[in-house]
Each structure stands twice: as structure tokens, then as C-alpha cells.
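Quick notes on the structure that follows.
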Number of protein chains: 2
Amino acid sequence: MSAGTAVPTRLRPRVEQSLSARLARSAAATGGGCHLRTDQVAGWLAERARAHRFRVERVPLDGLDGWSFAPGTGDLRHHTGRFFSVVGLAVTVGEGPVPEWRQPIIHQPEVGILGILAKEFDGVLHFLVQAKMEPGNRNLLQISPTVQATRSNYQRVHQGSGVAYLEHFTDRSSGRILSDSLQSEHGAWFYRKVNRNMLVETEADVPVAPDYCWLTLGQIGELLRLDNVVNMDARTVISCFPVAEPGTGALRSDTELLSWFTAERARHEVEARTIPLADVDGWERDAHGLARPDGRYFRVTGVAVEAGSREVTGWSQPLIEPCDTGVAAFLYRVVDGVPHLLVNAKMEAGFLDRVELAPTVQATPRNWQHLPRERRPAFLDTVLAAAEEGRVRYEAVHSEEGGRFLNAEIRYMFVEADDTVAPLDPGPGYQWATPDQLSALSSHGHYLNVQARTLLSCVNAGAVRL
Amino acid sequence: MSAGTAVPTRLRPRVEQSLSARLARSAAATGGGCHLRTDQVAGWLAERARAHRFRVERVPLDGLDGWSFAPGTGDLRHHTGRFFSVVGLAVTVGEGPVPEWRQPIIHQPEVGILGILAKEFDGVLHFLVQAKMEPGNRNLLQISPTVQATRSNYQRVHQGSGVAYLEHFTDRSSGRILSDSLQSEHGAWFYRKVNRNMLVETEADVPVAPDYCWLTLGQIGELLRLDNVVNMDARTVISCFPVAEPGTGALRSDTELLSWFTAERARHEVEARTIPLADVDGWERDAHGLARPDGRYFRVTGVAVEAGSREVTGWSQPLIEPCDTGVAAFLYRVVDGVPHLLVNAKMEAGFLDRVELAPTVQATPRNWQHLPRERRPAFLDTVLAAAEEGRVRYEAVHSEEGGRFLNAEIRYMFVEADDTVAPLDPGPGYQWATPDQLSALSSHGHYLNVQARTLLSCVNAGAVRL
């Protein structure tokens, strides 16, 4: 029918079959890799922390250098109009305990790059991670992706130095892309924010800068068992690693799972629109920032940063500070030998498309204390009681995006459940899915929310065995 | 690790392997099925047309019963607040020939159901289609899905009769869902509209009402070669039929294709927000509706309908009437025996997520006449010259959604290309993908736009052989 059948090499397989096995081999490589042993990472992080000057200081919102409340709207903006702004959001939902509300929210329409560079050493994939300071992290320095750059960063709005290793993610000829998708961030705090999550494999020689090191996926899994070591950006990129084996069966076929999700998305009526921050009633400015008098949800606060390892040496910025530590937990059951996670189709006001798949429980318990038990999130009590009952298979506290959130910590858990707690035919809003099914969805955007992705990264890296 | 390994039947395959073969068998069944021969369909449609009273009359916008321009905003709304409204849209884009504009647009946040019911007769899948009148179709009556219902329809806002066969799509116990996804509609005329596209197979006895008949996929393919017989809603549901065989190779792996699309989506900066219709400058109201003095793009116009086969017996409504017939064409090449389509990552202002995959050419030539050749859409001249050069493999005029658009016709084409016209390394914004790759993406929303889906439906139903 056409010329060209003489050169059959122009076609390639649609899916690289060996990739999941190569990732599994890297996940099995614990203890040490080509660079550092896992037990040396803490020392390396401490050394990197000493090598830099890091100081974060709270400042009032009206003392933020370069930031101000815009006349009229009251929106909190940088004088350049870049980076991000804090605006208002008006939300109306068709169901749920709170039918409408207004809140401050971060607006940052640009798409950033979160990229991890991979390379085989001695036949095992290693991943280049960075010891990176973020002002919102309680311990400041955590392990981050190779590249973690807003468009402002990499277009040099900061006037700082260039972003190291960026060329591996922007120049398509320099490596092989193993995954690349736009993934949402926190819908409660960000208005329709997405970042590009990339995994790129190279065969080139890669010089390792002082703040960087190569780790196997298994080593990252070991570090994911510790509190506050692997940052959110690294976790979300790892959650998108193409680890899934398509062969295994599941309680629900892929079509049934998608159909259930389609129905959940279709039935939610959500209207969320940005409004002037000045029009957000019920929030008040005080010396510490912008918050609700009842102390619930979060406050908008400010910090001044002095740093030696960032693109610029000092800056001020607003941060969102949640009122308390959150909980994000998957209930799981092993059905006929195959682990299944109980996912929740969850509405978050800042999502682009109404609902995404969240962990079984995702809540800040303190925000729900004032409500009677029957109006609190389903399964929350089960998860909070799981430790006493010996059902917790994984538990660690991780920080959310330290560049936008202050001390935003979530206790991530996998909790084993049985038929009395979580029947195989769960109620509306919930469904069972295998990690492989979630992994397949993670190659597309707007399916898995960022908390579900953190938990999936723990599965991918072998931090938890279900 | 858990109880339950004694009942292995609880797991099922994630993908039903035989489904694509069953659909292929139905696509191969041309000429006749269990009900009508294909050559009897025209007579059946004519008979159904005679059985009903259909009358559509143009009326001025201020003469639409139940509709009015809202004080202040000027938005065109129904007095109940339901159905849909015509509002304004303000658009700013980072690139392209027109960096910003305002336009009227249809706003209809509810999610409708487009559903086709399938059933095997003599081992061949048949699909229950309806002879349905839509006021915007030039020939009024076309073949539509089993169910085509807005939420207003099926929640009985019309106060009319119930929607036939709806229970097959809303009651999950009554059949088996073969595909179910939220798909976008025209981003130039609709603000973030999606409908739920469903294919459900039943084994139950299904009484066939007078306006309905069972056709094989191959029969629908034969009808898709004719102008204005298969309506847009049927085409989009058929485009999502799970026909793909995962085995075949492609010029780009699935990951490469997704990565290219991710980059295209990330690089487009689009801001589109609804504004009062009264704030849309450059559009003027006259006796025929709301339009631009230069006659470009479309007009908002009105019709009064008398009908006997709809849920209600008469109504008035606004419709969008494009200024001229459009063109939507895929250039294709057979590479090493495998056909590839040249897809375009296209921005449309009404899309939820900036860009979707569109045909190689999607344009209304008349809108571009005033621009110099180099600013006209790429490949447009190639497609318009294809007939003379004997490169056209498929050509038919189809109507777009006749419930919202008046005489909105597009000439759909497949045009064979070679290396001189369309090299295998196409320029920015374009990429080669196999129909199987597009079919895999059609199980998710917001990848394929509605024009690309019409062309894919022609492949799925065998209306074109590439």
C-alpha cells in the first residue's frame, strides 16, 4: 500500500517489555548501590546541610520583600507578576458536609518540571537525587529529584544560576524518556496546579555535582521508611515509574475500574472559581498571616530565606501552613494472592477535573473534631485505631512540597483490612484497585492525587510489601 | 498473607482479550445483520421521518419561548436556569495567529450520557441505534446512539416522557460495560463540555421500539461512507469502542507518544475564562441572531421546533450556526505495513486542559481566506488539493451535534501522504500515531478531540481501510 516496507526497523514495540523487570531489579537492590550505602545517606545529607548556609525566618505577610497585596483584589502577588500568587477561591459542591465555602488558594498556572535521571551501573538502574533545601520542610534538607524547576526557575526569572541537569529533560536527543505525564498537586491548597513528572534514562557520562548522588530504587525505598527524608517531588516522580506488569488479574477489570471512576467524576457537581482574595470572608489577617479565627485548615504565612545552594541566595515568599499533621492511608486486602488498595474518588476544590483517586483516608483529623462521628470521613476511625490492632504495615511522616507549604506533614500508612472493616463491595465513592492498575493510570494525568501517588511510590520502591 | 485464597474466581483478567476480535467480527459483517439489510436503512429512516411530525423554524433570539438575555450580563438563558446558556469567553493564548479574542460560547456544565447498547445475535455483536431528529441537522433525522440524554433529559426537567433504554446505562447490574469515559466536545463552541460515552453489552431480551434497530458495526461503517446519516453522538461512542490490539509496533512507542503530548500540553499557555455575553465586543445582534459583521466563525441563532418523537412535543432554543462547512482530515502513511495518522496537538479555547489531539487539518477554510498563505493552517492546501491528486481514501460530510449546532457540517477525509508532504519526523505540534494507539487513548478523556474521534470511528467501523 505504500513504499517503505524495505526498512522494518522504523517500527518499534509500543511498550518496552523489559522495563518493569529492570525497575524491579533496582527496587530489589537495597543496602547499597554504586555510590553510597543506604546507611551513609544520613551522614551525606548532614554533610550537605553543613556545606550550605540555610536560614528560614518567619516574617509577617506585609514584610515580604517583593510581595504585596494588590490594590482592589487584595491578592498576594510578587511585584514581577511571576512565581505564584495567593488568591481567593469560591467553591460550590453538590454534596458533602460543607456545600459551599471560600478560601485562599495558591495560583500558579505555569507547568514545572520534576525530573529524575536514571542510568545503569553494573546492570542496575540508579537514580540521580539531590540533597535540596526547601524553606517549608521542618528539617529543611531532603532528597529531591534530579531536577525540580518551575518555569520561572528554568527561564531564569530568579536571575540565579542555571538549573543543573535540566538539559536531560528539555533536550529530547540526550536520553530516553521512560515516563512523562502532567500530574496534579494538592487540590486543597493549589488551584489546578500540575507539574510535569519525568523519568529519563541516559547512557552518557554524567558528572555528579556535590549535592547529588546515585541511588537504586531499593535504596530510595529504604529511605521512604524514614520520616521526612524523601521529598514530595521525588515521591510523585517515583509513583509514575512504569513498574506495572499487565498480566495479573484483579477484582475489577480495567474497564470496570475506569467506568466506576467515570461515574464518580460525572456525578460530582463542583463549581470552583477564583475570586479576589479580599472577597474571602471568614479569614483574618494577624501578625502571623491570614487564617480563620477557629484555627482550622491552614494559614497563609511568610518566610524570609537565606540560602547558599539555591538558584538565588535569598528571597522572601508566602507559604501555606496547615493547622496540623494530616493522615493519608490506604486500607488494603490481599485477595486470592493479589493485594488490592481501597481507593476513594475524592473531590478537591482545586482539581482541574472535579475528582481524582485518593487514599482510603485523607484528612487532617483536627479539622473534623468539631463534627459528630457520623459526619467524619469514612474509615478515619479505623485507620486511627489500626496501630493498637496491629494492622499497620507501613507508617512514615512525609513533608508535602516544601517550596509552597510550611511544616505540611502527613502520616502515610498502609493498613491491612478484612471483610468486617472493608468489604469487597465497598460503598459509593470507594473501589478496590491493584497497585498495577494504579500504576497503569499513573502514566496519565488527573487520575491519582498527590497523596495517593506518595503511597504508590512506597509500593514502587519496595518501602512496603503488601 | 490474608484469608481468601480458597476462592480464586474472585479475580478476573484486567483486559478481556476476546473483545477486540468480537468487535472486528462485527465490523466485518457488512451488508446485513439480524434486523435490516444496510440497503434498507435509507427506507427505514424515511419511514421513521414520515411517522413523526418534525418542523424547525428559525426565530429571532428575542422570540425564543422561555429564553431571554439576562439583565446585566446579557447571557442568553432559559428561565428555569437549566439546559444550557450562551455566555462570553475571553481567551489569551501564548502563540498562534490571534493572541487574544472574545467570543460567545455555550456553557452546559452537566454531563450527559451517550450510550450504545450491544448484544450478540448469531454470534455477532449488534448495536441498537435510534432514528433521531435533531433540529440542527440539515436532514433532521440521523442514526444516533441508543441513548443520548442530557442530565436535564433523564432527570425529567423537560416534563416529557422518560428516556428509553436509559436503565441499561444507569443500572450497573443490567449489563456489562465495555467502555465508559468522559469525552470532550467542540472546544470552539462549547465551554469545557464533556459527555459520558458508554458501550454496554446485554444478554437480556431487549424489546425494539419503532424508532430503533440493531446494526452490526460493519453496517454502521457502510453508513459512515454516506453524508449525514450517522450522527456525531453515535460517532463519538463508536470511536471509544475497545477495538485495539496491543501487539502491533509503531513509529513511536506509547511512552514517546505520551511524552510528546505532555510536552505539547505543557508548552501551551492558555487562559480562557467565561465573561458576560454583553462584554463580548465585535459581535452584533441583528434579525438573524448574534454574529460578527465580517461573517466569520459562527452566529448564535434561534429555532422553534415542533416534534412528535422527542421527550417533549415542542420547544425553542438557541443554536450555533457556523459560517461555512469545515474540513477535518487525517494525513496518513503506511509505514512498514502499519498505517499511521498524523495527529495535531491542537489548542481549542473551550477545552478543559488546553490541547487535545486533533486531525492533521481541522479548519473552516473560509475563516482563513483573509490571511496570507503562510499564516493559514499547515497542510490545509495539501488536503484541499488531494482530490485532484487522487490521494483521498475516504470522504464524507457529517453533521456535528444537531442539538446545539445548526447546519454544522464538516467534510471528513483520510488523505494518503508521502515523505515529500509529511515526513516521518514532522514539525512542532504534529506526531505520527497508529489507530491502535489512538484507540488506547480513547479509553481516557481529554486526549482525542471530537473531530479526531469521528475519523477514528470510521476506522473502527471499517468505513475506511488504510
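Atom set for the values below is all heavy atoms of this structure, side chains included, hydrogens, waters and symmetry mates excluded. Order of the sequence lines sets the chain letters (A, B, ...), proteins ahead of strands, with each chain counted from 1.
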Legend entry - Residue B:Ala263 versus chain A: region with a heavy atom under 4.5 Å: both

Legend entry - Partner chain B: residue of A:Leu258, A:Thr262, A:Ile177 with the largest heavy-atom pair count (under 4.5 Å): A:Thr262

Inset, instruction - Identify which of B:Leu424, B:Asp254, B:Leu352 forms the greatest number of heavy-atom pairs closer than 4.5 Å to chain A. - result: B:Asp254

Inset, instruction - Name the option with the most non-hydrogen atom pairs under 4.5 Å to chain A; the candidates are B:Asp353, B:Asp419, B:Val338. - result: B:Asp353

Legend entry - Sub-4.5 Å side-chain heavy-atom contact between B:Glu110 and B:Arg82: yes

Legend entry - Derivation and outcome, side-chain contact (heavy atoms from CB on, under 4.5 Å), residues A:Leu341 and A:Leu466: CA-CA 10 Å; A:Leu341 308 173; A:Leu466 302 176; 3.7 Å; yes

Inset, instruction - Begin with the C-alpha distance, continue with both residues' side-chain angles, and end with the deciding distance and a verdict on side-chain contact (heavy atoms from CB on, under 4.5 Å) for A:Trp260 and B:Asp180. - result: CA-CA 9 Å; A:Trp260 164 78; B:Asp180 185 359; over 6 Å; no

Inset, instruction - Kindly write out the residues that satisfy ring pair (Phe, Tyr, Trp, His ring centres under 6.0 Å) with B:Tyr447, not counting sequence neighbours, or none if the list is empty. - result: A:His444, B:Phe261

Legend entry - Note, B:Arg252 side chain near A:Arg14 side chain (heavy atom, < 4.5 Å): no

Legend entry - Among B:Pro339, B:Ala250, B:Gly249, B:Ser443, residue most engaged with chain A (heavy-atom pairs, under 4.5 Å): B:Ala250

Legend entry - Which portion of B:Arg196 sits near chain A, non-hydrogen atoms under 4.5 angstrom: side chain

Legend entry - With sequence neighbours excluded, residues passing side-chain hydrogen bond (donor to acceptor under 3.5 Å, both in side chains) with A:Glu264: A:Arg267

Legend entry - Test applied, side-chain contact (heavy atoms from CB on, under 4.5 Å); reference residue, B:Phe241; option that passes from B:Leu19, B:Ile116, B:Asn197: B:Ile116

Inset, instruction - Please state whether the side chain, the backbone, both or neither of B:Arg176 comes within less than 4.5 Å of a heavy atom of chain A. - result: neither

Inset, instruction - For B:Tyr191, enumerate each residue passing the ring pair (Phe, Tyr, Trp, His ring centres under 6.0 Å) test, keeping only those at least two apart in sequence or located in another chain. - result: B:His107

Legend entry - Under 4.5 Å from a heavy atom of chain A, the part of B:Ser259 involved: both

Inset, instruction - Can you tell which part of B:Leu441 gets under 4.5 Å to a heavy atom of chain A, answering side chain, backbone, both or neither? - result: side chain

Legend entry - Interatomic distance, B:Glu356 atom CD to B:Phe351 atom CZ [nearest 0.5 angstrom]: 4.0 Å

Legend entry - Within residues 429-437 of chain B, residues adjacent to chain A where the heavy-atom gap is under 4.5 Å: B:Asp436, B:Gln437

